[in-house]
Asks: 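Quick one: structure below, then a few questions.
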Amino acid sequence: MVRLPGARRYGPEVLAKQIAPKAIPAPIGGWVSAQNLAVMAPGTCLKLVNGFPTTTGVRVRGGNILHATISATDPVESLMAYVGATVKELFAMGGGDITNVTTVVDPEVPPTPDVTGQTADYYAWVNFAATGGNYLYAVNGADSAQLYDGTTWQAVTTVSVPIAVTGTTTSDWSHVNNYRNRLYFVRKDTLVIDYLPVDSLGGAAAQLSLSGIFGLGGSIYFTATWSSESGSSALSDYLVVVSTEGEFAIFQGSYPGGTDWSLAGVYELAKPLGINGWFKAGGDIVVLTDRGAIPVSAARFKDPAALSMDAISKDIHPDWTYEAQQRRSLPWEAVKWDEKNALYINVPVTSDVTPPRPFVANLQTGKWAEYTAWDTRCMVVHDGQLYFGCNDGTVRQAEVSGYDVEAPYTFQQAMAWDHMGSPGFLKTIRQARAEFRATKEFALLISASKDFTQEFPNPPAVVTDPVPSSLWDVGLWDQAEWDSAEVVVRKTTRWVSVGASGEVFSLELQIPMGSASTPNIELVILYVTIDSGGILV
């Protein structure tokens with residue numbers, strides 16, 4: 001009789017070696033496209049769409065709601081926020097009009113504009129506190145400058161009343177900036193800056209010429225005020241003048257006619273992407289350029305070819321430079337929303353086939369994500385809320401509700417490629433589950449792509465809010481809990497089958513949104529079980 005070998009039996013210690021658990025924390029390192037796929041940094045993402053990297057996890061973004069309609073045919077090209085002593089107002093520019101959209105009766109019906117007959121709708125503007133009150137100065141390089149005093153708009157000319165400016169033509173002004181309590185105006189397509197007397201809205205304009213300063217040619221694009229440490233470690237203000245070709249000159253002193261005025265240096269940056277495409281970051285100025293978002297301080301000491309490594313956008317450098325090449329026909333903008341600790345980059349939609357794609361960064365960590373479906377033509381923070389103007393003539397309020405107006409959207413996250421501790425070996429991801437901090441139930445799909453080929457499956461269906469919304473004017477009477485705060489609790493999903501086999505994996509999460517309430521969902525950690533096989537030869 002032939003003896004057959006018995007079935008091989010495994011003890012618990014052998015099974016533990018074959019099927020091992022792995023914990024993957026939420027990728028607070030955000031979206032990073034500028035790295036080697038084979039050795040991606042742990043805690044980063046291949047894709048982070050409609051999510052935001054916090055210091056504790058990754059949260060699902062809010063949607064947007066219709067705030068106002070300006071035109072059925074013309075885009076909203078500019079938004080301006082007036083800040084008075086007791087009043088804050090929001091203005092939208094489009095179709096040759098300036099319209100107050102602070103409070104709108106019907107968001108689908110265009111309000112009566114305050115100013116009509118303008119020939120250009122893209123403005124640079126500044127709030128300026130002068131003797132007599134708080135004012136908003138706005139220029140567009142085509143029409144007479146507009147001045148708002150909190151009640152009335154006035155076109156500023158050489159003979160206007162009560163404010164007039166002599167010695168120049170205000171319709172030539174394309175940019176305005178406040179430096180040491182003086183207003184500085186760029187003359188469009190020239191190397192000349194007009195500036196007014198100290199603490200003045202009008203009067204005789206003097207000129208600062210930069211002829212012979214910029215070696216690459218071009219014209220002045222915009223100016224900015226830079227507060228930096230001087231040699232004595234005291235803060236000093238500098239006037240930074242940026243050219244269309246990417247050079248910038250730094251001036252120091254009280255004003256161009258003063259005895260302490262001097263040129264501190266001329267440096268090369270990179271071509272800027274918009275007259276409003278810059279922002280202050282601590283004691284620095286960051287300029288949006290075709291090579292990235294670059295601090296002025298770095299450009300003083302490095303060759304332009306090396307500046308991309310100092311850009312705050314270096315993690316997404318391939319995507320930034322690609323979009324900069326594709327979307328130069330419209331101006332880019334940068335808006336800081338301090339209340340949300342977020343930086344929003346308006347990556348404009350330049351054609352019907354160009355998808356909406358704003359870039360978003362955490363101001364504290366500098367980590368990135370991207371949003372979809374936000375057609376951001378212009379952006380502004382007004383009274384602690386973010387608004388953006390669209391190509392369809394509407395103004396939207398951002399990061400509210402669980403819809404993009406009436407359309408659902410999907411959070412998508414693809415984590416960094418991971419060899420799961422055994423590079424070169426065949427493995428199978430068996431199951432996965434996730435933990436969140438959230439206030440409501442939601443649908444979730446966990447999947448995995450393998451071997452450097454990213455493929456998202458179709459997202460799951462939206463889960464309708466199981467509890468009536470408590471938003472005013474949304475929740476139902478006798479059902480909504482008006483005085484109850486949302487409670488954030490730990491939510492653990494069930495183990496689900498993944499069943500992906502390969503050498504290297506990218507774990508994926510998808511959460512569809514489609515409800516009236518703003519999502520409060522933050523990923524904390526993901527768990528997977530891995531069945532390790534043999535080495536591939």
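This structure is a prediction, so every number in the text was calculated from the model and none was measured.
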Asks: If only side-chain N and O atoms count, and only distance matters, is there a donor-acceptor pair under 3.5 Å linking Thr394 with Asp392?
Replies: yes
Asks: Under 3.5 Å, side chain of Asp418 to main-chain N/O of Ser506, donor-acceptor pair present?
Replies: no
Asks: Check Tyr137, Phe222, Trp125 against Phe185 for a ring-ring contact (aromatic ring centres under 6.0 Å, His included) and give me the one that passes.
Replies: Tyr137
Asks: Could I get the full list of ring pair (Phe, Tyr, Trp, His ring centres under 6.0 Å) partners for Phe388, not counting sequence neighbours?
Replies: Trp374
Asks: For residues 338-361, which residue pairs pass the salt bridge (charged side-chain N to carboxylate O under 4.0 Å, His left out) check, not counting sequence neighbours?
Replies: Asp319-Arg357, Glu323-Arg357, Arg357-Glu370
Asks: With a cut-off of 3.5 Å and sequence neighbours excluded, list every side-chain donor-acceptor pair involving residues 275-282.
Replies:
{"unit_1": "Asn276", "atom_1": "ND2", "unit_2": "Tyr122", "atom_2": "OH", "d": "3.0"}
{"unit_1": "Asn276", "atom_1": "ND2", "unit_2": "Tyr123", "atom_2": "O", "d": "3.0"}
{"unit_1": "Trp278", "atom_1": "NE1", "unit_2": "Ile275", "atom_2": "O", "d": "3.3"}

Asks: Taking only residues at least two apart or on different chains, which pairs with a member in residues 255-275 satisfy side chain to side chain donor-acceptor pair (under 3.5 Å)?
Replies: Gln252-Ser262, Ser254-Asp260
Asks: Determine whether a donor-acceptor pair (N or O, by modelled atom type, separation under 3.5 Å) exists between the side chain of Asn127 and the backbone of Ala81.
Replies: yes
Asks: Quick one: does any side-chain atom of Glu333 pair with a main-chain N or O of Met379 as donor and acceptor, under 3.5 Å?
Replies: yes
Asks: Answer with yes or no after comparing the ring centroid distance for His67 and Tyr387 against a 6.0 Å cut-off, counting only values under it.
Replies: yes
Asks: Taking the six-membered ring for Trp, are Tyr195 and Tyr184 closer than 6.0 Å centroid to centroid?
Replies: yes
Asks: Any chance the side chains of Glu522 and Thr56 put a donor and an acceptor closer than 3.5 Å?
Replies: yes
Asks: Check the side chains of Gln35 and Thr44 for a donor-acceptor pair under 3.5 angstrom, ignoring hydrogens and angles.
Replies: yes
Asks: Under 3.5 Å, is there a donor-acceptor pair linking the side chains of Ser171 and Thr169?
Replies: no
Asks: Within the structure provided, determine whether Ile250 and Tyr238 are in side-chain contact (heavy-atom separation under 4.5 Å).
Replies: yes
Asks: Hey, does the side chain of Ser313 reach the backbone of Ile316 with a donor-acceptor pair shorter than 3.5 angstrom?
Replies: no
Asks: For Glu399 and Gln385, does a side-chain donor sit closer than 3.5 Å to a side-chain acceptor?
Replies: no
Asks: Could you check if a side-chain atom of Phe128 sits within less than 4.5 angstrom of a side-chain atom of Val176, using non-hydrogen atoms only?
Replies: no
Asks: Less than 4.5 Å apart, any side-chain heavy atom of Pro272 and any of Val287?
Replies: yes
Asks: Can you tell me how far OG1 of Thr410 sits from CZ of Phe456, rounded to the nearest 0.5 angstrom?
Replies: 10.5 Å
Asks: Can you run down the ring pair (Phe, Tyr, Trp, His ring centres under 6.0 Å) pairs that involve residues 282-306, sequence neighbours left out, and say none if there aren't any?
Replies: none
Asks: Is a donor on one side and an acceptor on the other found under 3.5 Å between the side chain of Asn362 and the backbone of Pro53?
Replies: yes
Asks: Under 3.5 Å, is there a donor-acceptor pair between the Asp284 and Ser297 side chains?
Replies: yes
Asks: Side chains of residues 83-95: which donor-acceptor pairs under 3.5 Å do they make with residues two or more places apart or in other chains?
Replies:
{"unit_1": "Glu89", "atom_1": "OE1", "unit_2": "Tyr148", "atom_2": "OH", "d": "2.5"}
{"unit_1": "Glu89", "atom_1": "OE2", "unit_2": "Asn100", "atom_2": "ND2", "d": "2.9"}
{"unit_1": "Glu89", "atom_1": "OE2", "unit_2": "Tyr148", "atom_2": "OH", "d": "3.3"}

Asks: Would you say Leu239 and Thr223 make side-chain contact, with heavy atoms under 4.5 Å?
Replies: yes
Asks: Could you check whether any side-chain N or O of Ser200 sits under 3.5 Å from a backbone N or O of Leu196, counting only pairs where one atom can act as donor and the other as acceptor?
Replies: no
Asks: Can you find a heavy atom in the side chain of Val49 that is under 4.5 Å from one in the side chain of Tyr371?
Replies: no
Asks: Do Tyr221 and Glu247 get their side chains close enough for a donor-acceptor pair, meaning under 3.5 Å?
Replies: no
Asks: With sequence neighbours excluded, tell me which residues meet salt bridge (charged side-chain N to carboxylate O under 4.0 Å, His left out) with Arg180.
Replies: none
Asks: Quick one: salt bridge (charged side-chain N to carboxylate O under 4.0 Å, His left out) partners of Arg328, sequence neighbours excluded?
Replies: Asp290
Asks: Output every pair passing salt bridge (charged side-chain N to carboxylate O under 4.0 Å, His left out) with a member in residues 185-202, not counting sequence neighbours, ordered by first then second residue.
Replies: Arg187-Asp194
Asks: Is NZ or CZ of Arg61 both nearer than 6.0 Å to the six-membered ring centre of Tyr409 and within 45° of the ring axis?
Replies: yes
Asks: Going by atom types only, do Thr372 and Asn50 share a side-chain donor-acceptor pair under 3.5 Å?
Replies: yes
Asks: Applying side chain to side chain donor-acceptor pair (under 3.5 Å), can you list everything that pairs with Gln510, at least two apart in sequence or on another chain?
Replies: Gln412
Asks: So, using salt bridge (charged side-chain N to carboxylate O under 4.0 Å, His left out) as the criterion, who are the partners of Asp121 when residues are at least two apart?
Replies: none
Asks: Between Gln118 and Asp97 (side chain of the first, backbone of the second, donor and acceptor by atom type, cut-off under 3.5 Å), is there such a pair?
Replies: no
Asks: What donor-acceptor contacts under 3.5 angstrom involve side-chain atoms of residues 24-31, with partners at least two apart or in another chain?
Replies:
{"unit_1": "Trp31", "atom_1": "NE1", "unit_2": "Leu46", "atom_2": "O", "d": "3.4"}

Asks: Does Thr170 reach the main-chain N or O of Ala145 with its side chain, forming a donor-acceptor pair under 3.5 Å?
Replies: yes
Asks: Looking at Cys378, is its backbone amide N or carbonyl O close enough to the side chain of Thr376 to form a donor-acceptor pair, meaning the two atoms are under 3.5 Å apart?
Replies: no
Asks: Any side-chain heavy atom of Ile294 sitting closer than 4.5 Å to one from Leu269?
Replies: yes
Asks: Indicate whether the side chain of Asn177 and that of Thr225 have a donor and an acceptor atom separated by less than 3.5 Å.
Replies: yes
Asks: Any heavy-atom pair between the side chains of Thr102 and Asp383 that's under 4.5 Å?
Replies: no
Asks: Is the side chain of Asn391 donor-acceptor paired with the backbone N or O of Pro75 at a distance under 3.5 Å, no angle test?
Replies: no
Asks: Go through the side-chain N and O atoms of Ser160 and Gln154 and say whether any donor and acceptor fall under 3.5 Å apart.
Replies: yes
